[in-house]
Structures are given as C-alpha cells and as structure tokens.
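Here's the structure we're looking at; comments come further down.
In what follows, chains carry the letters A, B, and so on, assigned in the order in which the sequence lines appear, proteins first and then strands, with residues in each chain numbered from 1. As the structure is a computational prediction, the values presented were derived from the model and not from experiment.
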Amino acid sequence: MNKYRTHNCNELNEKSVGKNVRLSGWLHRKRDHGNLLFLDIRDHFGITQCVIENDEKNFKVLEKLKPESVIMINGSVVKRSAETQNKELKTGLIEVRIKNFEILSEAKDLPMPVFGEQEYPEDIRLKFRFIDLRRKEMHENIKLRSEVISFIRSKMIEKNFLEFQTPILTASSPEGARDFLVPSRTHKGKFYALPQAPQQFKQMIMISGFDKYFQIAPCFRDEDGRADRSPGEHYQLDLEMSFAEQDDIFKEVEPLFYELFSKFGKGKKINKHPFPRITYNESLEKYGTDKPDLRNPIELINVTDIFKSDEVKLKIFKEIINKKGIVKAIPVKATHSKPRSFFDNLNNWAISEGASGLAYITFEKNNGKIVGKGPISKFFSEEAIKKLLKKCKINENDSVFFVCNNISDANKFAGIARQKIALELNLINNSEFNFCWIVDYPMFHYNDKEKKIDFSHNPFSMPQIDMQNFDKKDPLDILAYQYDLVCNGYELSSGAIRNHITEYLFKVFGKVGYSKEMVEKNFSGMIKALSYGAPPHGGMAPGIDRIVMLLADQINIREVTLFPMNQNAQDLLMNAPSEVDEKQLKELNIKTIKKIN
RNA sequence: GGGGGUGUAGCUCAGUUUGGUUAGAGCGCUUGCCUGUCACGCAAGAGGUCGCGGGUUCGAGUCCCGUCACUCCCGCCA
C-alpha cells in the first residue's frame, strides 16, 4: 500500500461507504463550527470533505492548522444525510470521518489564497507562481496545455512525421529578431546564440532525407512582450515536409487544427476546412491587417474615388488624397438606434489612438429619400450619398466611418477601428473559431527609414517566379510562397515553401544588399547543405502558446504558461536575470560595464 | 526607446474632481462563541510611510514637479 494515500481526493463515492481510507492533500478550506470542524482536502484530482468532532484529541491541532498545509488523514467513509449532500462536488455524497492525521508540510500565512476566484496582482502571482498554479483556473489551463501538446504529438506521429530535437546552442544569424547570446568558454570572445526557431535545422533535416519532421520546439527571441507574446521564449509546433507544395502543407495542417479545436474548443463552432485562402493584399484591403478577425462581419471599402470627385467638398481629405492618400470606409449596419455619444466616443477613442479623429456619416429616410446626417454630411451632394450607399451596400439604418491617410496608415487604422467598432456593437461571436490562411505575401518591402529593400518575411522563402525571370520584375511586385494561419485575429503560424536552390538564394539575398560572399559567410551551413542535393521542401510553425490561449479562452499568454516572465523579461520567481560571480565572468573572458546614469 | 492606465491595510477596492477632525468597507488574519457547513454564522481585535522623493500651503491621500514599479499599446517580432 502507498504510504500516503489509498485514494485521491476525487475518487470516493457512495460505493466507498464504510471503507477505511487514507487521503493526502492540501488543506483547501476550513469551516469551524466550534465543536465540529469541516476540512476540504484538495489534490490535483479534486476535493473531499473531511469532518472531525471535538471529542477527538486532534481537534484543536486541526482547528489551528493554516490553509494550504499538506496533511495526510486516516478515516472512514460515511454517507452524508440527504440534506447535507453537495451536488457541486464529485465526492459530495460522502465525507471522511477523521480518525487520525499527520501534517506532512505546514504552510505559512499565504500571500494570496488558493480558494476563491478573486483576482490578484500579477507580480504577486508570478512571484508565488507555485501557489497561483494551485488555483483552479490556472491548474485547468496548464492541464489543457499538456493535453493539447499530447494530442498534437500523437496526431503528428500518426501522420508519419518524425520527432527530432535540434540544438539549443547554435550560431547567431543576421535577419530576424535580436538573438540571445551565450558566451563560449572554450572560444574566448565568441558566442553561441539560442535559436529564434529551428529554421535552418529543419531544412537540413529535409536535406538529410527524413521527409517529414516535427518538434514542439522552444524558440528564443529577445523581443519585448505583449499580452499575446511572451518576452524571451515561446514554443512552436515546428514542422517541415519534403517534396511538398503549399497545398500539401495546408492539407496536413487543416485537419489537425480542425480536430484539435473541435476536441478542446469547449464546444465552440469551427469553420470547416479547407479554410479560406485570402491573399495578403486582399486582407489588407478588406480588413486592414494581415491577421483579420473573420468573426467580425465588417469589411472595409476603398471610397477614394467618391471623395476625389466634385460631389464631395471635404477639403482636408482632398488634400491628403492629392498626396497619394486614400479614404477607407468602414460601413456599419444597424446603428440607427445609437445615440450621438456612441459616435463621439469613437471619435475620442480615435484621437487617443493617435489619429486625427474618426469621421462618420449616419443615414436616415426623409420624404422617401435617404439622406446623410452628422458633422460632415453637409459636404456630400445627393449623388455622393447615393454612390456611397451603393458602394458600401448599406441603407438608411446604417452608418459609415471614414479613415483618410497614406495607404498603409489608412489601412492599419481602419483595421483597428473596424475591430473596435465591432466590439462596441457586440458583432463578434465569441463562441466560434474562425480560421483562414493569408497567402501570397510579398517577398520584399521598401524600408522607408533605411531607404532600401528588405525581406518582408522569411528570406528562405521561395519567390513565386522563375529564377530566370526574377531580375526582370520589380522586386516589390514579387510574391512569395509564404503563408500565415490566422484565427480570430491572432496569427497562429507562419510558414513557407523554402528556396532550396543556392543560386536562386544568392539572387534573392542580392536584392536586399547581401553579396554572395556575405550569404556564404552568414549562412554557411545552410548554403553548404543546399549544395549537395536538396529536396524541394516547406513547412510552418504554429505557436503552441497562442493555440492554448485561444482554447482556454484567455487573452493573456501568461495564463497558459507555467512559469512566465513579466513584461520586462524578468522571472520574479527565480530572480532571472541575475548577476553572476566574478569568477564565472572571468572564465568567459567577459567584463561587465556598470551603467552610469 | 516612446505613449496610455494603475499604485490607499496581506488582497479587492472606496475616498483624490472641489486640500481641512482620528483615512473607510469587504475578504483574509488574531481572539472568543457556535454540532451539519460547503463563500458556514456571530462578536471583538490587530493591521496604513496613502509607491518613493521634492515642492506649494497654516494644513496634502487629494494640487504641482520628479522618480520607481506593474500593466496595455507603439517601436521591435527574418
């Protein structure tokens, strides 16, 4: 017999009545009636009510014991009388009458309780994460994370992917995020880098002839945190396939996600695969972002023409249009019952977001005719109103918001406003998962600051053009076999078909100013590997943390991470980062410079 | 690196707009009472550098300046 327990705290039921049992767990909650004491004992599995009366010699000790102390109790299972049963609890039909007990570990006064659903400051939760993780919601989230990973792993193995580990200490490479560097002791003055992703390794696995690979891979990027992005490290389902085209990868991944979200999505509706494919340009045009929330029914419309014409006399917009600006309309249905304050508040919100405001027109029927209302309606001719209604596919109950700026800023802000307005109007159905692929990313974009062409995504992606015609085309018009998987406005994954032809890779890098020599130097392993027979290949890498976040219905990634760092990339529990001994630094040939303020 | 929000008891928060007696409530904690609770109940009590520093004022939790911490966002994230 196990020394600590005969049953866990979720196991006992009516059939156990009369048995002598031993339970171990945390003292969850005490209810002290003076001469009668109820103790809820909790473990990973559940809660069992235990009871003791004051004629027992142990009564006084238990009465004083602090919550969250770990105890082992011996007792007998008794049936509760009908009126004292607790239907909420799986073990609520019985209780354990305590005969004797042992305190296995005593708890001090708690910085935060485990019992209850009260919110607690995050720095305290992080500092005492081991207590926070005992709390029901966190415990469930982390359990879900484990189940999600197990599910993914078994599905991937079923699909004949092989799971491999790749190095954690590797080489720094240009492009991408800032690296975490690890100084080398044996090679003084040189550094390893933690991998931002196993990108080059997974390509080499294909080149090594393994056909399909996956890994639940840690990725390290020295970037600042966000609610949906941990600073420092995160996990990806890294996968790669040989002799695969874009559609082959989609076909492997779509059912995986469909099944995963069906199984763990708490009954939320999922759009059936194949998931819609939306081009990058179309996504920006319609949703103002490359990670659209398709639960939001609003679609942006370009109405620059209307504002350009003499039918509209709005001078500020015309000036911006003359400087290559555009006007994006955000048509919103059924706003007729909204008070003036609704529109004013949105305007104030826009200003607080750094925009100059959010212009709008509402419509109503007057003498059988639809007319525009609101501050800027006077600038519109009857004809302009007609055109607007037609183009935006709306009627007298609706309204249109306008954003006017240069193309990229107009799209970007219209995209944010689209989501804000939908949230205000409750247009987003939180009981569905809406997946789509964003495809046809541009290979390059123009970097305004540095006045040069840059990679807009992964430099190893295959351009959607023959190598022979590559130089004939404006690089900014070249698309890549590069795609994202998006769900409910979150980017879940990036992926690409890779460029497996060294000569072509040199050409591509050449466009952003890398000489052949620089590519050979910075990506020597990769170039070498591609030079001895590389299969065409591609893959992707969905973010595990974000998947679990969506499934757990959380908006903060720390809620699904066991031991996360705070926004300033500090581990408050382990005290990382920390200073190290002078001796350690000396071995590494490293001197720190004290920052002078 | 920049912008917004928050900071009052161990925790959640009120009080700050309009400066004025001894800074409050709930939960938790301590003590006492209580034999059927499951957010047990009842009573009493302890607990405060109002984030920190400076300033204005007869007087600052409240006004001003600075600063720190946390958080959200921008930048960054091939």
Side-chain angles (χ1 to χ4, degrees), chain A residues 28-42 47-56 59 63-64 66-68 78 80-89 91-92 95 97 108-128 173-179 195-197 199-200 219-232 234 349 351-354 409 412-413 416 441 443-445 447 449 454-461 480 482 491 494 496 498 508-509 512 514 522-523 541 543 555-556 558 566-568 570 572 597:
Chain A
H28 188 63
R29 187 86 175 154
K30 275 187 302 189
R31 287 176 295 281
D32 188 353
H33 289 236
N35 292 312
L36 174 73
L37 176 63
F38 295 103
L39 301 162
D40 289 339
I41 307 297
R42 185 197 74 241
I47 288 176
T48 303
Q49 173 169 290
C50 303
V51 62
I52 187 168
E53 293 185 16
N54 77 338
D55 48 357
E56 300 280 338
F59 186 86
E63 205 179 21
K64 294 281 172 249
K66 303 260 189 211
E68 292 307 302
V78 296
R80 298 200 207 176
S81 65
E83 66 279 7
T84 63
Q85 293 176 349
N86 184 350
K87 301 268 158 47
E88 311 274 295
L89 228 53
T91 60
E95 64 193 5
R97 202 156 286 265
K108 299 199 284 187
D109 270 336
L110 298 167
M112 55 179 288
V114 173
F115 173 79
E117 280 160 21
Q118 173 94 60
E119 296 219 28
Y120 286 85
E122 218 175 357
D123 43 348
I124 291 177
R125 293 179 54 200
L126 294 180
K127 198 169 167 187
F128 297 94
S173 76
E175 295 298 323
R178 275 184 292 267
D179 282 320
Q196 293 182 28
Q199 179 64 36
Q200 296 188 53
C219 301
F220 305 93
R221 296 172 193 177
D222 189 358
E223 294 301 332
D224 290 335
R226 288 284 186 280
D228 66 346
R229 191 174 83 195
S230 291
H234 69 283
W349 164 83
I351 290 164
S352 75
E353 290 287 307
D409 287 342
K412 196 170 175 184
F413 188 68
I416 298 169
Y441 274 81
M443 186 77 213
F444 306 100
H445 73 266
N447 183 334
K449 249 189 242 155
D454 262 347
F455 291 116
S456 60
H457 246 65
N458 185 330
F460 297 109
S461 299
Q482 169 85 47
E491 178 195 320
S494 264
R498 323 295 176 186
V508 170
F509 269 95
V512 302
Y514 275 86
N522 285 314
F523 305 100
I555 53 167
N556 192 302
R558 291 185 291 273
N566 67 8
Q567 198 181 36
N568 295 326
Q570 295 164 303
L572 300 178
N597 290 315

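Set against B/C70, B/C38, B/C77, the side chain of A/Q570 has B/C70 as its closest nucleotide. Distances were taken from every side-chain heavy atom of A/Q567 (C-beta onward) to each of B/C72, B/C70, B/U30; the shortest belongs to B/C72.
One C1' atom belongs to B/G48, the other to B/C11, and the distance between them is 14 Å to the nearest Å. Nucleotides B/G61 and B/U22 have their C1' atoms positioned 15 Å apart, rounded to a whole Å.
Not a single donor-acceptor pair under 3.5 Å links the side chain of A/E95 to the backbone N or O of A/V78.
Each of A/E53 and A/P111 has a nearest nucleotide on RNA chain B; the 5'-most of these lies closest to A/P111. Take the nearest nucleotide of RNA chain B for A/D40 and for A/N458: the residue whose nucleotide is more 5' is A/D40.
Figure legend. B/C42 is base-paired to B/G32; pairs are counted as Watson-Crick or G-U wobble with both atom distances under 3.5 Å. Across all strands shown, B/U57 has no partner, as no Watson-Crick or G-U wobble contact with both distances under 3.5 Å is found. Of all nucleotides present, only B/G5 satisfies the Watson-Crick or G-U wobble test against B/C70, with each distance under 3.5 Å.
A/R229 has no carboxylate O lying under 4.0 Å from a charged side-chain N of A/E223, or vice versa, which leaves the two without a salt bridge. Using a cutoff of 4.0 Å between basic side-chain nitrogens and carboxylate oxygens, A/E53 and A/R97 are scored as salt-bridged.
At a cut-off of 3.5 angstrom, counting only N and O atoms as typed in the model, there is a donor on one side and an acceptor on the other between the side-chain of A/R229 and the base of B/C76.
Take A/A227 and apply the side-chain contact (heavy atoms from CB on, under 4.5 Å) test, not counting sequence neighbours, and it matches A/N556.
At the heavy-atom level, A/Q85 lies under 4.0 Å from base atoms of the strands shown.
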